[in-house]
Number of protein chains: 2
Amino acid sequence: MLESDSDNNSPLDLWYQERHNDEVSFGLHVKKVLHSSQSPFQRVDVFESTGFGRVLTLDGLMMCSDRDEFVYHEMISHVPLLVHPNPKRVLVIGGGDGGTLREVLRHDCVEEAVLCEIDGEVVEAARQFFPALAFGLNHPRAKVHIGDGVEFVKKSAAGVFDIVIVDSTDPIGPGVGLFSGEFYREVKRILAPGGIVMAQCESPWENKFDLAKVYGNLKDAFTSVYSMVGSIPSYPYGFWSWGFASDNQHPFHKIDLERARAIEKASKYYNVDIHRGAFALPNFLRQKLANVVENA
Amino acid sequence: MLESDSDNNSPLDLWYQERHNDEVSFGLHVKKVLHSSQSPFQRVDVFESTGFGRVLTLDGLMMCSDRDEFVYHEMISHVPLLVHPNPKRVLVIGGGDGGTLREVLRHDCVEEAVLCEIDGEVVEAARQFFPALAFGLNHPRAKVHIGDGVEFVKKSAAGVFDIVIVDSTDPIGPGVGLFSGEFYREVKRILAPGGIVMAQCESPWENKFDLAKVYGNLKDAFTSVYSMVGSIPSYPYGFWSWGFASDNQHPFHKIDLERARAIEKASKYYNVDIHRGAFALPNFLRQKLANVVENA
């Protein structure tokens, strides 16, 4: 005879495990699975973890957690926005959780932030389970568009955005089109003079994707590309990189210090020292990106 | 009837898992366990991993891997050695794997590097399984002493070392004595004028140990303490911190650039930009260490 559940005081010991490259895994203890669905593009799951708050995964891969999402979203947003002298129109490709929009819209000079996310179910999951992220999606200066980022960029008029942020998944599945030189040449066309692209570019420790190629696609379209790094415990290897690309902007020589001091006051990761320090690359990354990025 | 092993082409799918804080885990796929023993102090294991080369664990906790040991060993050594104007005598407490000695002895100005490791079985495991690390243990200018670091420091004469590196395990088990203010005051006594202490100080993301207390013990003994950070994928949260303490040295204002350029040429992580950038702390760490470290 089975005992009733109520007599059992030991809940299931559930662990989420992301096995990366079949050689390394990252795990989080799970309190409760809150949501699972299959969208037209990918599997979408949300769970409550013991140590990292709520977690969103796409096709089983970690996208963001309450505990450390701020690193990714602050760094991908504030670095280009505080280098550009007057960013008024910002486009975010991907980023359906809303975290990047939230940080972009902390800049009062931004008149409009457009988000183009391919998967409406990601946006819905954020609205339902991640209020702190969805804050960005609901902002009066945000415009949320559900559709293919590659198509959206192709159809946009020339020179209309000051900053384009590519907040994509890995270069597999729905994200693959956002990692090509052809895509970045189209992105360049829709940038106004002085425009900047910021794109997530995988972990410096990665050996599944060729980082020289990932960054090289940016370099195909822009005069100069720089690599920036930061600590994100829930991402593979706990260390992440982003590409800063433009034809005429340097990533930290002319930070707008007045605006930056205001942003850093309310940030959990970003400050002006971190901004500059994030472009200091370890030797092993300099070697991987030699002749591709300016700071290698 | 059991099939013979030779008919079985699927080896055991073995994973090492370090469950940290019961909330987060780090795992490595294991090819083969090479060594397991119980020393008088702790359990010592060595295994061959699929993606991180050979791995040493103590009481089941990751100590070092072939893939990323260079970060820890380069940063804990080169930063104090390149700031001190003329480091001749260096003491390493712990560090029985030999990696820190190896990096210290790349500096030709160092006349003698003394290691005091409590557990002789760690030194033996390094000599047997980690030749690239044990290189440091076998160096002609290295003196390896097996014994208690706290006692060794107490018995040392005043003012005899230029740099003391505390390359310890966590503040539990045999490492706990190396995290007290009393210990650091004894360390200060054996330092020559202008001396520097560099000590491992756990992950910035840690909430099992109180980082303000870990750094505060250094601050009990020295005029100024700075926190330095770096990316180590195989350590908890993938991000580590070290404390730089002294009465009169700044951690990056006067780097000896001539010596530094020679060191960075043969390093996998360290370079002068990384040296400076490693003292830029994220806001959340500045908050944890406010009023304790100078760069918070």
Side-chain angles (χ1 to χ4, degrees), chain A residues 13 15-31 49-52 65 67-68 70-71 74-75 203-205 207 229-240 264-287 295, chain B residues 13 15-31 49-52 65 67-68 70-71 74-75 203-205 207 229-240 264-287 295:
Chain A
D13 187 37
W15 283 80
Y16 159 79
Q17 295 278 355
E18 179 173 333
R19 289 190 176 186
H20 189 69
N21 241 352
D22 294 330
E23 64 178 39
V24 55
S25 72
F26 174 77
L28 287 174
H29 190 256
V30 175
K31 276 189 190 165
S49 71
T50 303
F52 275 60
S65 85
R67 172 105 177 255
D68 64 357
F70 61 88
V71 182
E74 290 180 12
M75 292 302 282
S203 174
W205 293 95
N207 49 24
V229 296
S231 155
I232 307 184
S234 67
Y235 278 13
Y237 307 100
F239 198 50
W240 213 245
E264 80 172 35
K265 264 190 203 165
S267 293
K268 295 182 202 167
Y269 192 86
Y270 179 89
N271 57 58
V272 171
D273 291 341
I274 279 282
H275 182 143
R276 295 191 185 107
F279 290 92
L281 307 184
N283 277 6
F284 75 89
L285 183 57
R286 285 186 175 178
Q287 280 157 19
N295 55 331
Chain B
D13 187 36
W15 284 80
Y16 158 79
Q17 296 277 355
E18 179 175 332
R19 288 188 177 187
H20 188 70
N21 241 353
D22 294 330
E23 64 177 39
V24 55
S25 72
F26 175 76
L28 287 174
H29 189 255
V30 175
K31 276 187 188 164
S49 71
T50 304
F52 275 59
S65 86
R67 171 104 177 257
D68 63 357
F70 61 89
V71 182
E74 290 181 11
M75 292 302 281
S203 174
W205 293 94
N207 47 25
V229 296
S231 154
I232 306 182
S234 67
Y235 277 13
Y237 307 99
F239 198 51
W240 213 246
E264 79 171 37
K265 264 189 200 164
S267 295
K268 295 182 201 165
Y269 192 86
Y270 180 89
N271 57 57
V272 172
D273 291 341
I274 280 282
H275 182 142
R276 293 191 186 108
F279 290 91
L281 307 184
N283 277 6
F284 74 89
L285 183 57
R286 285 186 175 180
Q287 281 157 19
N295 55 332

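Chain letters run A, B, ... following the sequence lines, proteins first and then strands; every chain starts at 1.
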Chain A heavy atoms under 4.5 Å from B:Glu264: which part of the residue, side chain, backbone, both or neither? both

At a heavy-atom distance under 4.5 Å, which candidate from B:His20, B:His275, B:Arg286 has the highest pair count against chain A? B:Arg286

May I ask you to name which of B:Ile274, B:Asp273, B:Thr50 has the most heavy-atom pairs under 4.5 Å with chain A? B:Ile274

Closest heavy-atom pair and its distance - A:Tyr270, B:Asn283: O-ND2, 3.1 Å

Heavy-atom side-chain contact between A:Ser25 and B:Gln17 under 4.5 Å: yes

Given heavy-atom pairs under 4.5 angstrom as the criterion, report whether the side chain, backbone, both or neither of A:Arg67 touches chain B. both

Heavy-atom pairs under 4.5 Å with chain A are the metric here; pick the option from B:Gly238, B:Ala280, B:Gly277, B:Pro282 that has the most. B:Pro282

What are the two closest heavy atoms between B:Tyr269 and B:Glu74, and how far apart are they? N-OE1, 2.8 Å

Heavy-atom contact with chain A under 4.5 Å, split by part of B:Phe70: side chain

At a heavy-atom separation under 4.5 Å, does A:Val229 approach chain B through its side chain, its backbone, both, or neither? neither

Quick one: does A:Phe26's side chain get under 4.5 Å of A:Pro236's, heavy atoms only? no

Please state whether the side chain, the backbone, both or neither of B:Val272 comes within less than 4.5 Å of a heavy atom of chain A. neither

Please classify the contact of B:Phe52 with chain A as side chain, backbone, both or neither, using a heavy-atom distance under 4.5 Å. side chain

When only pairs under 4.5 Å are counted, which of B:Gly51, B:Ser203, B:Ser49 shares the most heavy-atom pairs with chain A? B:Gly51

Shortest non-hydrogen contact between A:Val30 and A:Trp15, atoms and distance: CG2-C, 4.1 Å

Using a cut-off of 6.0 Å, state whether more than 12 heavy atoms not belonging to A:Asn207 lie near its atom CG. yes

Turns out that what part of B:Asp22 lies under 4.5 Å from chain A's heavy atoms comes down to backbone

Tightest non-hydrogen contact, residues B:Phe279 and B:Asn295, listed as O-ND2, 2.9 Å

Side chain, backbone, both or neither: which part of B:Leu285 has an atom under 4.5 Å from a heavy atom of chain A? neither

Beyond-backbone contact of A:Asp68 with B:Trp205, side-chain heavy atoms, under 4.5 angstrom: yes

Is the shortest heavy-atom distance from the side chain of B:Phe239 to the side chain of A:Pro233 under 4.5 Å? no

As an exercise: rank A:Arg276, A:Lys268, A:His29 by heavy-atom pairs under 4.5 Å with chain B and give me the winner. A:Lys268

